[in-house]
Amino acid sequence: MSEPSSLHGQVVALTGAGRGLGLLTATELLERGAQVIANVRTPTEQLSALEEKHHGRLHVCRGDIGEESTAEEIVRLAAGLGRLDALVHNAAIARDQPLVRMPAADWDAVQRVNLRGAFLATKHVLRPMMRARSGRLLYVSSVVAHTGNAGQASYAASKAALHGLSLSVAQEYGRYGIRSVVVAPGLLDTGLAGHLPQEVFEQKAARSLTGAVPGRRIASVIAHLLHPDSADINATVVRVDGGIVY
């Protein structure tokens with residue numbers, strides 16, 4: 001059995017790494033010994049500080065994950081490091097409003113980052129993983145993919161689509177030793193939820209049996225699922241929402 005927490009030697013590509021859950025995940029992976037290719041559209045001070053702290057193990061890949069060239073650059077960086085063990089697609093945006101008032105451009109923007117970005121990243125990391133006959137794909141979804149949420153039709157649809165993508169990839173590439181899994185967090189104390197008014201945040205948190213989920217716990221779950229001992233957690237959705245109140 002491998003060390004229960006170490007990811008030493010692994011190279012992990014992570015999208016949406018600049019802030020929120022992405023930044024927490026990058027930190028967790030680095031602390032467990034992995035090298036991280038951190039994709040971000042616009043670098044943040046926090047990510048730059050993390051890069052300085054973990055000099056030589058955090059490799060920033062700047063670019064729009066909705067553009068194919070960004071996925072290609074992630075793979076190029078991985079080739080320079082000699083391997084690519086895992087992809088964590090965390091990048092996501094939201095354009096929340098009632099469906100009848102939603103401009104098609106807003107719908108398309110959400111799908112472009114949340115789903116097209118996942119498709120492009122997956123498409124390009126699969127080839128080196130197939131050659132290595134090993135790899136882990138992990139997609140960050142959301143509790144709203146299961147429950148829906150008023151005003152979040154575009155976001156919920158994009159996150160639910162990741163479930164179908166992950167399940168299909170697991171079926172197509174399992175023979176190459178590639179595993180695929182979805183993590184569906186509940187309401188987090190970081191990221192997009194951090195912009196909610198306090199009253200709304202508390203109302204949504206009350207829908208969970210355990211309240212809001214600390215982002216650091218989700219980062220820890222992600223790191224755990226990348227560990228070799230979790231290889232049989234495959235072709236499924238791991239819900240980390242505390243249980244939903246009915």
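Here the structure is a predicted model, which is why all the values come from computation and not from measurement.
Considering OG of Ser154 and CG of Leu115, their distance stands at 12.0 Å, rounded to 0.5 Å. We find the CG-OG distance between Leu138 and Ser141 to be 10.5 Å, quoted to the nearest 0.5 Å.
At distances below 3.5 Å, not a single donor-acceptor pair connects side-chain atoms of Asn149 with backbone N or O atoms of Val144. Panel note: side chain Ser166, backbone Leu162; no donor-acceptor pair is recorded below 3.5 Å. A donor-acceptor pair under 3.5 Å is absent between the side-chain atoms of Ser158 and the main chain of Gln111, judged by distance alone. Panel note: side chain Asn39, backbone Arg62; no donor-acceptor pair is recorded below 3.5 Å. Asp64 contributes no side-chain N or O that, together with a main-chain N or O of Arg41, makes up a donor-acceptor pair within less than 3.5 Å.
The side-chain contact (heavy atoms from CB on, under 4.5 Å) check on Thr44 picks up Arg19, Gln46, Leu47, with sequence neighbours excluded. In terms of the salt bridge (Lys or Arg N to Asp or Glu O under 4.0 Å) criterion, residue partners of Glu67 (sequence neighbours excluded) are, by chain and number, Arg112. The salt bridge (Lys or Arg N to Asp or Glu O under 4.0 Å) check on Glu51 picks up nothing, with sequence neighbours excluded. In this structure Leu24 satisfies the side-chain contact (heavy atoms from CB on, under 4.5 Å) test together with Thr190, Ala219, sequence neighbours excluded. Among residues two or more places apart in sequence or in another chain, the salt bridge (Lys or Arg N to Asp or Glu O under 4.0 Å) test is passed with Lys53 by none. Residues satisfying the salt bridge (Lys or Arg N to Asp or Glu O under 4.0 Å) criterion with Arg216, sequence neighbours excluded, are absent altogether.
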Q. Taking it one step at a time, do Thr27 and Leu50 satisfy side-chain contact (heavy atoms from CB on, under 4.5 Å)?
A. CA-CA 7 Å; Thr27 303; Leu50 196 62; 3.5 Å; yes
Q.
Under the criterion side-chain contact (heavy atoms from CB on, under 4.5 Å), I'd like the reasoning laid out for Ser69 against Glu72: C-alpha separation, chi angles, the key distance, then a yes or no.
A. CA-CA 5 Å; Ser69 58; Glu72 292 170 341; 4.2 Å; yes
Q: Please assess Ile74 against Leu87 for the test side-chain contact (heavy atoms from CB on, under 4.5 Å), listing each intermediate value before the final yes or no.
A: CA-CA 10 Å; Ile74 288 172; Leu87 165 71; 5.6 Å; no
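Closest heavy-atom contact between Asn234 and Ala231: CB-O, 4.0 Å. Shortest non-hydrogen contact noted between Thr210 and Gly242 is OG1-CA, 3.1 Å. The minimum heavy-atom distance linking Leu167 with Thr236 is given by the pair CD2-N, 4.1 Å.
Evaluation of the salt bridge (Lys or Arg N to Asp or Glu O under 4.0 Å) test over residues 118-143, restricted to residues two or more places apart or in two chains, returns Glu68-Lys123. Note on residues 156-175: no pairs pass salt bridge (Lys or Arg N to Asp or Glu O under 4.0 Å), not counting sequence neighbours. The stretch residues 235-244 participates, sequence neighbours left out, in these salt bridge (Lys or Arg N to Asp or Glu O under 4.0 Å) pairs: Arg239-Asp241. Within the structure, ring-ring contact (aromatic ring centres under 6.0 Å, His included) pairs that include any residue of residues 97-147 comprise His146-His163 (at least two apart or interchain). Applying the salt bridge (Lys or Arg N to Asp or Glu O under 4.0 Å) test to every pair with at least one member in residues 81-92, sequence neighbours left out, gives these pairs: Arg83-Asp85.
Cluster annotation: Leu165 and Leu137 are assigned to the same hydrophobic cluster (Ile/Leu/Val/Met/Phe/Trp/Tyr, side-chain heavy-atom contacts under 4.5 Å, transitive). Linking ILVMFWY residues whenever their side-chain heavy atoms come closer than 4.5 Å, directly or via other members, leaves Tyr155 and Met102 in distinct clusters.
Between Val213 and Leu187, the closest side-chain pair of non-hydrogen atoms is not below 4.5 Å. Counting heavy atoms from C-beta outward, Met129 and Ser134 have side chains that stay 4.5 Å or more apart. Counting only heavy atoms from C-beta outward, the side chains of Arg57 and Val36 never approach each other to under 4.5 Å. Side chains of Asp232 and Ser230 form no contact here, defined as non-hydrogen atoms less than 4.5 Å apart. No side-chain heavy atom of Ile65 sits less than 4.5 Å from a side-chain heavy atom of Leu120. At least one side-chain heavy atom of Met130 sits under 4.5 Å from a side-chain heavy atom of Ile178. Looking only at side-chain heavy atoms (C-beta outward), Val88 and Val12 come within less than 4.5 Å of each other. The side-chain heavy atoms of His59 and Gln35, taken from C-beta on, include a pair separated by under 4.5 Å.
One finds a salt bridge joining Arg32 and Glu28 here, because a Lys/Arg side-chain nitrogen approaches an Asp/Glu carboxylate oxygen to under 4.0 Å.
If you run side-chain contact (heavy atoms from CB on, under 4.5 Å) between Ile222 and each of Val140, Leu14, Asn90, only Val140 comes through.
No more than 12 heavy atoms of other residues, nucleotides or ligands sit less than 6.0 Å from atom CZ of Arg217.
Taking Ile, Leu, Val, Met, Phe, Trp and Tyr as members and joining any whose side-chain heavy atoms lie under 4.5 Å apart, directly or through other members, the hydrophobic cluster of Val245 also contains Leu209.
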